[in-house]
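Naming convention: chains lettered A, B, ... in sequence-line order (proteins, then strands); numbering from 1 in each chain.
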Amino acid sequence: MLNVFRSKPKYVTVKRSEVEQRKELPDNLWTRCDHCSQMLYNKELEKEMFVCRCGHHFRLSASQRLNMIADEGSFAPFAPLYAADPLNFPGYPEKIQAAQQLTGLDDAVLIGEAKVFDTPVILGVIDFAFIGGSMGSVVGEQLTRGFETAVDKKLPVVIFSGGGGGARMHEGIFSLMQMAKTAQAVGRHSRAGLLFISVLTHPTMGGIYASFASLGDIILAEPGALIGFAGPRIVEETTRQKLPPGFQTAEFALEHGMIDMLVKRPQMRAAIGRLLRYHQRGGRK
Amino acid sequence: MTQVFEWERPLVELEQRIADLHRFVADHGIDCEKELAELEHRAERLRKDIYENLTPFQRVMMARHPKRPTALDYISMLLDEFDEFHGDRTYRDDGAIVGGVGTFEGTPVTVIGPQKGRDTKENLARNFGLPHPEGYRKALRLMKQAEKFGRPIITFIDVVGAYPGIQAEERGQGLVIAQCIEEMSFIRTPILCIITGEGGSGGALAIGVGDRILMLEHAWYSVISPEMCATILWRDSARAPQAAELLRLTPADLLKFGIIDDVITEPIGGAHRDHAIMGQQMRAFIRRYLAEICKVPVDRLVEERLARFRAIGKFTTERMPIDA
Ligand SMILES: [Zn+2]
């Protein structure tokens, strides 16, 4: 796999996560597709960008995603921030530590400056493996810094909201307020006339969907991604109705006019490159 | 008969005895002044004891009291005149959010708020106060209208959450909440938000971005309801009282965290016990805070509004230590 990290990161080395390391163990050569149940050879799966022959898009880690989108060696992450425990919520510090060990990330977002086909961008990815990709203070702050940096440097922003578990319950009201903070950061960036491409990947729900992720100038989604505000179980329990087939999938969102385009993973980097090109000042380069 | 909570039963029984004794005195002309004074004194102590030591979850239950004043109650108590405006101009009128224009002590204002029903019939019409996307679109439309005409906006917030329904999802519940939050943040007119009952997550925040955020004494505001939190933590919604403690959702906590600006005291025993006194109290707070924000030039107002939310969040540059 390519390594998109700049060889001398300014502040931090992002370690390969335990999940990724485990994938390479010899006794773990095969993976079963959740969708069609066929066994897939890991080497081949990786070559196919973790998309099954049936079309199912496997969930990616933040660094796997970056590697698929950013130019090699172009990514420079922002200075790390770590969660505090503002409510003294029982078990939260342990949960954070376990998530850090599992993912190799500081918190649920990996964000920094990068290039995509030589165009400088702010590129961020939310990682579901880190407490469901939920938005606490760190995620809110890092995303906000991303949009602010983009305003300062007149850059477009690309965020993969892959894994919006929504709220970081353990941070209570502070988690909720990150919805306002990030939405406002997008608002300032937007009012500066700059481009925000929001990519919704599986799953983008709750507070993440109901804030910055919905505010892209262009909203893309990966096929099959779950996209919505309330979780499907809550909807089913509240309404006591059978959910229509494909409810809250990316295809459903497209049909109901909520997103611009579905983009399959192997075409994602090219699509983003194209969209960035359309928005270069003066049109053509 | 108004709904009585378990923890106030001793007080309600005592109040009943006092009322009975008063009636006895009136009917028979017997002097029981000493006994009455003694009972009144006991009731007063009990009242203080009960209402000054409410647990967070008892506050949540107060916030949900079926007789608690609603947005329309405040509108009729506080505005000199009012016209309700309907519809989102796209799909339909959502009864779960009301809004319109009126005057508060002579000043034209736009007022918006989720509206719960008083009985089953009204609750069905208002979807139990759970808004659909068109409700939020109506709110947003009225806010833009207020901006155009330079009217201040007051939002009365009492909503357990945006409606989690199939059609709500089809019509973009998440998207419209995001739009409300974003647009409200930049609206060039003063905004006063008052959490009067339940402040449930994104559905409340969608009309909760303002220049001053006030909260009633027995209201709650949180990223998740105590029931949902308990379900996630322990797969048991009956442990909501415990979750309510953890979430720090009371006005006192939120004031300390800098999320809200002030707490509006309720009549003893809760707003539902005396709408008129609650209305007077509310009027005083609105008068004071509206005057305060209407004085600020609008450019500065919006900058301060953005700066306020920009500053919210707790994080460090060091990893969190784990207590052994
Ligand atoms: Zn498959």
Side-chain angles (χ1 to χ4, degrees), chain A residues 79-87 89-90 93-94 96-97 100 137-138 140-141 144 167-169 171-181 183-188 191 205-207 209-215 227-231 234-235 238-239 241 243-244 247-248 252 256-258, chain B residues 130 161-186 199 201-206 208-209 221-224 228-229 232-233 243 246-249 253-254 257 259 305-306 309-323:
Chain A
L81 295 175
Y82 303 98
D85 184 10
L87 309 188
F89 203 95
E94 291 77 7
I96 289 283
Q97 197 182 53
Q100 285 168 341
S137 298
V138 171
E141 179 68 22
T144 300
R168 181 80 55 87
M169 186 179 71
E171 293 189 21
I173 198 75
F174 292 98
S175 169
L176 183 66
M177 293 298 137
Q178 303 312 306
M179 290 171 67
K181 187 160 120 179
Q184 291 167 357
V186 177
R188 284 199 192 254
R191 284 164 179 75
M205 302 294 290
Y209 184 52
S211 64
F212 67 92
S214 278
L215 297 171
I227 297 167
F229 179 63
I234 304 284
V235 175
T238 308
T239 62
Q241 277 178 288
L243 302 180
F247 182 62
Q248 292 182 323
F252 179 91
H256 287 92
M258 302 302 154
Chain B
L130 301 167
Y163 185 59
I166 294 170
Q167 285 78 35
E169 293 290 324
E170 286 176 346
R171 298 199 286 271
Q173 191 73 286
L175 216 117
V176 74
I177 290 172
Q179 287 167 346
C180 273
I181 294 171
E182 198 264 353
E183 300 238 25
M184 205 175 176
S185 302
F186 292 89
S201 194
L205 181 63
V209 181
Y221 192 17
S222 171
V223 71
I224 188 169
M228 286 271 283
C229 179
I232 291 170
L233 284 178
L246 299 180
L247 288 169
R248 313 283 297 273
L249 41 66
D253 282 322
L254 299 170
F257 292 152
I259 304 294
R305 191 187 304 152
L306 292 169
F309 286 92
R310 176 66 188 84
I312 301 176
K314 299 276 185 223
F315 47 84
T316 66
T317 50
E318 304 290 331
R319 276 173 202 274
M320 209 192 302
I322 307 263
D323 300 329

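- In this structure, the side chains of A:Met177 and B:Ile259 come closer than 4.5 Å at one or more pairs of heavy atoms.
- When the candidates A:Gln248, A:Arg168, A:Gln241 are compared by the number of heavy-atom contacts under 4.5 Å with chain B, A:Gln248 comes out ahead.
- Residue contact with chain B, scored on non-hydrogen atoms closer than 4.5 Å, involves the side chain of A:Phe252 exclusively.
- In this structure, the portions of B:Leu175 lying under 4.5 Å from any heavy atom of chain A include both its backbone and its side chain.
- In the model, A:Gln184 has no side-chain atom that pairs as donor or acceptor with a side-chain atom of B:Glu182 under 3.5 Å.
- For B:Leu130, no part sits under 4.5 Å from any heavy atom of chain A, backbone or side chain.
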- Message: Assess the residue pair A:Thr144 and A:Arg188 against the criterion (side chain to side chain contact (heavy atoms under 4.5 Å, CB included)); give the C-alpha distance rounded to whole Å, side-chain angles, the decisive distance to 0.1 Å, and a yes or no.
- Response: CA-CA 10 Å; A:Thr144 300; A:Arg188 284 199 192 254; over 6 Å; no

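- Most heavy-atom pairs under 4.5 Å with chain B, from the set A:Met258, A:Glu141, A:Met179: that is A:Glu141.
- Per-residue counts of heavy-atom pairs under 4.5 Å with chain A were compared for B:Leu247, B:Val209, B:Leu306; the largest is that of B:Leu306.
- For chain A, the nearby part of B:Ser222 is the backbone; its heavy atoms alone come within less than 4.5 Å.
- For the pair A:Ser214/B:Gln179, no side-chain contact is recorded, criterion being any heavy-atom separation below 4.5 Å from C-beta on.
- Counting non-hydrogen atoms of neighbouring residues, nucleotides and ligands closer than 6.0 angstrom, the CE atom of B:Met228 reaches no more than 12 such neighbours.
- When heavy atoms are compared at a cutoff of 4.5 Å, A:Arg191 approaches chain B solely by way of its side chain, counted from C-beta outward.
- With a 4.5 Å cut-off on side-chain heavy atoms, A:Glu171 and B:Val223 do not count as touching.
- The part of A:Leu215 that comes within reach of chain B is its side chain, from C-beta onward, which places non-hydrogen atoms under 4.5 angstrom from that chain.
- Among all heavy-atom pairs drawn from B:Tyr163 and B:Gln173, the shortest one is O-NE2, 3.0 Å.
- Residue B:Ile312 touches chain A through both its backbone and its side chain, counting heavy-atom pairs closer than 4.5 Å.
- Looking only at heavy-atom pairs under 4.5 Å with chain A, the residue among B:Ser201, B:Gly172, B:Gly202 that has the most is B:Ser201.
- Without hydrogens or angle criteria, A:Asp85 side chain to A:Phe89 main chain gives a donor-acceptor distance under 3.5 Å.
- Listed for the A:Ser137 side chain is no donor-acceptor partner under 3.5 Å among the backbone atoms of B:Gly313.
- Residue contact with chain A, scored on non-hydrogen atoms closer than 4.5 Å, is absent for B:Leu249.
- Contacts between A:Leu87 and chain B at a heavy-atom distance below 4.5 Å involve backbone atoms as well as side-chain atoms.
- Looking at B:Ile224, the atoms closer than 4.5 Å to chain A (heavy atoms on both sides) all sit in the side chain, from C-beta outward.
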